[in-house]
Chemist: 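My questions all concern the structure below.
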Amino acid sequence: MSSQYPELKGFYHLRETIGSGGFAKVKLAYHALTGEKVAIKIMDKRALGDDLPRVKTEIAAMKELCHQHICKLYQVLETETRFYMVLEYCPEGELFDYIVSKDRLDEAEARIFFRQIVSAVAYIHIKGYAHRDLKPENLLLDEDQNLKLIDFGLCAKPKGGMENHLFTCCGSPAYAAPELISGKQYLGAEADLWSMGVLLYALLCGYLPFDDEKIPSLYRKIQSGKYEVPDWLTPESSILIAQMLQVDPKRRISIQQLINHPWLRKGFNIPCEFESKYKMTLDEDCLTELAVHYGQKRREMETKVSEWNYDYLTASYFLLLEKKMKGRPVRLLQKPTATD
Ligand SMILES: O=C(Nc1ccc2c(c1)CCNCC2)c1ccc(-c2cn[nH]c2)cc1OCc1ccccc1
């Protein structure tokens with residue numbers, strides 16, 4: 001099998017394919033040095049065609065985004081025919097399938113998920129990004145049922161910050177803001193807030209607020225801003241959804257107001273914390289373990305890791321840190337593992 005992917009041999013032990021979409025195949029793998037599970041997204045450059053810039057956008061964005069509710073990029077490998085992205089393992093699949101399996105979520109469970117979504121979106125907005133394709137299919141669940149935001153292929157980092165307007169109409173129609181589909185100039189952050197309103201509605205109702213198989217009538221429904229409010233929605237939930245599904249982006253709730261919103265604080269009494277749990281300083285134990293393994297001085301290892309080349313060393317550092325955060329021993333496997 002690994003003869004098909006020679007660049008991975010000795011570094012990752014490939015296992016089954018866990019998903020294959022349009023231009024990407026996702027395979028389960030083990031990182032050889034730590035034994036940690038990862039997902040490897042394999043893209044054929046020829047098949048990508050004019051989607052190639054999308055992959056470059058995604059890689060550039062994910063290198064800058066390091067957050068507990070954003071799927072972590074560990075390593076990027078590029079050959080003349082392929083891109084490989086080594087990504088955080090999310091074995092519980094898509095939030096979309098989870099909602100479908102439960103029909104719809106009760107307010108308490110929806111609140112837990114929505115706080116994680118707000119945390120991730122607030123973080124990327126502060127970093128100057130707009131996701132622009134927020135939907136349940138782009139939210140994966142890890143082994144602890146925590147949400148991980150994926151697919152930054154359509155994200156924007158407007159020059160000179162988030163105040164600058166965007167033009168490209170993109171993302172999934174049912175989640176797209178009125179100003180985005182009207183071809184007008186729009187602010188990415190404001191369009192993301194609308195999509196989050198559609199997302200919250202989908203969590204609590206199990207179906208979409210605006211839906212139609214014909215795009216033009218779907219667009220008319222979105223631009224009308226009128227949607228059905230089922231009787232199981234509490235007044236508080238309906239109020240929050242209404243504040244997000246404001247057709248006029250200037251009247252729409254902002255991410256700052258959302259973080260402190262009473263609906264989100266209910267039962268938590270603390271605002272959504274959106275800071276990344278990842279420290280900016282390097283972890284001593286991980287650096288020492290790597291230095292010993294590679295027979296380098298700790299200072300040299302610290303300098304090397306700090307280059308963040310998103311090579312095998314970057315992956316090994318992050319996955320060692322992952323082990324530490326999960327309370328597993330901060331140890332690298334010395335000899336090739338039995339799973340070879
Ligand atoms: O780890 C990922 N997926 C994943 C891993 C293990 C398992 C499953 C799923 C569910 C199917 N049963 C086997 C267990 C996984 C991680 C990151 C990304 C990813 C990050 N940016 N882009 C893609 C995609 C991933 O998957 C795609 C997928 C496959 C089947 C359904 C749902 C999702």
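Keep in mind that what you see is a predicted model, and the values were worked out from it rather than measured. Whatever order the structure lists ligands and atoms in, that order sets their numbers, starting from 1.
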Chemist: Would one find an N or O of Cys90, backbone or side chain, under 3.5 Å from an N or O of ligand 1?
Modeler: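 Right, the criterion is met.
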
Chemist: Does the N or O separation between Glu94 and ligand 1 drop below 3.5 Å for any pair?
Modeler: no

Chemist: In the hydrophobic clustering that connects Ile, Leu, Val, Met, Phe, Trp and Tyr at side-chain heavy-atom distances below 4.5 Å, which members other than Tyr89 occupy its cluster, ordered by chain and number?
Modeler: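 Direct or chained contacts put Tyr89 with Ile18, Val26, Leu28.
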
Chemist: Considering non-hydrogen atoms of the protein only, which is the closest contact for atom 5 (C) of ligand 1, and what is the distance?
Modeler: Ile18 CD1, 3.2 Å

Chemist: What atoms of ligand 1 come within less than 4.0 Å of a heavy atom belonging to Glu88?
Modeler: 16 (C), 17 (C)

Chemist: Which atoms from ligand 1 have a heavy atom of Leu140 less than 4.0 Å away?
Modeler: 15 (C), 16 (C), 17 (C), 18 (C), 24 (C), 25 (C)

Chemist: Measure up the Phe318 and Trp308 rings against each other and bin them: parallel (under 30°), tilted (30 to 60°), perpendicular (over 60°).
Modeler: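 Answer is parallel, since the angle falls under 30°.
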
Chemist: Report yes or no: is the cationic atom of Arg115 (NZ for Lys, CZ for Arg) closer than 6.0 Å to the six-membered ring centre of Phe268, at no more than 45° off its axis?
Modeler: yes

Chemist: Pick one of side chain, backbone, both or neither for how Leu28 approaches ligand 1, counting any non-hydrogen atom pair under 4.0 Å.
Modeler: neither

Chemist: Determine, counting only non-hydrogen atoms of the protein, whether one lies under 4.0 angstrom from atom 12 (N) of ligand 1.
Modeler: no

Chemist: Which bit of Leu87 is near ligand 1, meaning a heavy atom under 4.0 Å away: side chain, backbone, both or neither?
Modeler: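 For Leu87, only side-chain atoms sit under 4.0 Å from ligand 1.
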
Chemist: Of the side chain and backbone of Glu92, name the one, both, or neither that has a heavy atom under 4.0 Å from an atom of ligand 1.
Modeler: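 None of Glu92 does.
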
Chemist: With the threshold set at 4.0 Å, does a side-chain nitrogen-carboxylate oxygen contact exist between Lys102 and Glu109?
Modeler: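 Looking at Lys102 and Glu109, the cut-off is met.
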
Chemist: Within the supplied structure, the quantity of interest is the number of heavy atoms (other residues, nucleotides, ligands) at a distance under 6.0 Å from Tyr227 OH; does it exceed 12?
Modeler: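 Count over threshold, so yes.
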
Chemist: Does Lys250 NZ have over 12 foreign heavy atoms under 6.0 Å away?
Modeler: yes

Chemist: Determine whether any protein heavy atom is located less than 4.0 Å from atom 18 (C) of ligand 1.
Modeler: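 Within 4.0 Å: yes, protein heavy atom nearby.
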
Chemist: Would you kindly confirm whether Tyr310 and Tyr294 end up in one hydrophobic cluster when ILVMFWY residues are joined by side chain heavy atoms under 4.5 Å apart?
Modeler: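 In one cluster with Tyr310: Tyr294, yes.
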
Chemist: Under 6.0 Å between ring centres: does that hold for Tyr312 and Phe11?
Modeler: yes

Chemist: Considering only protein heavy atoms, which is closest to atom 22 (N) of ligand 1, and at what distance to one decimal place?
Modeler: Lys41 NZ, 3.3 Å

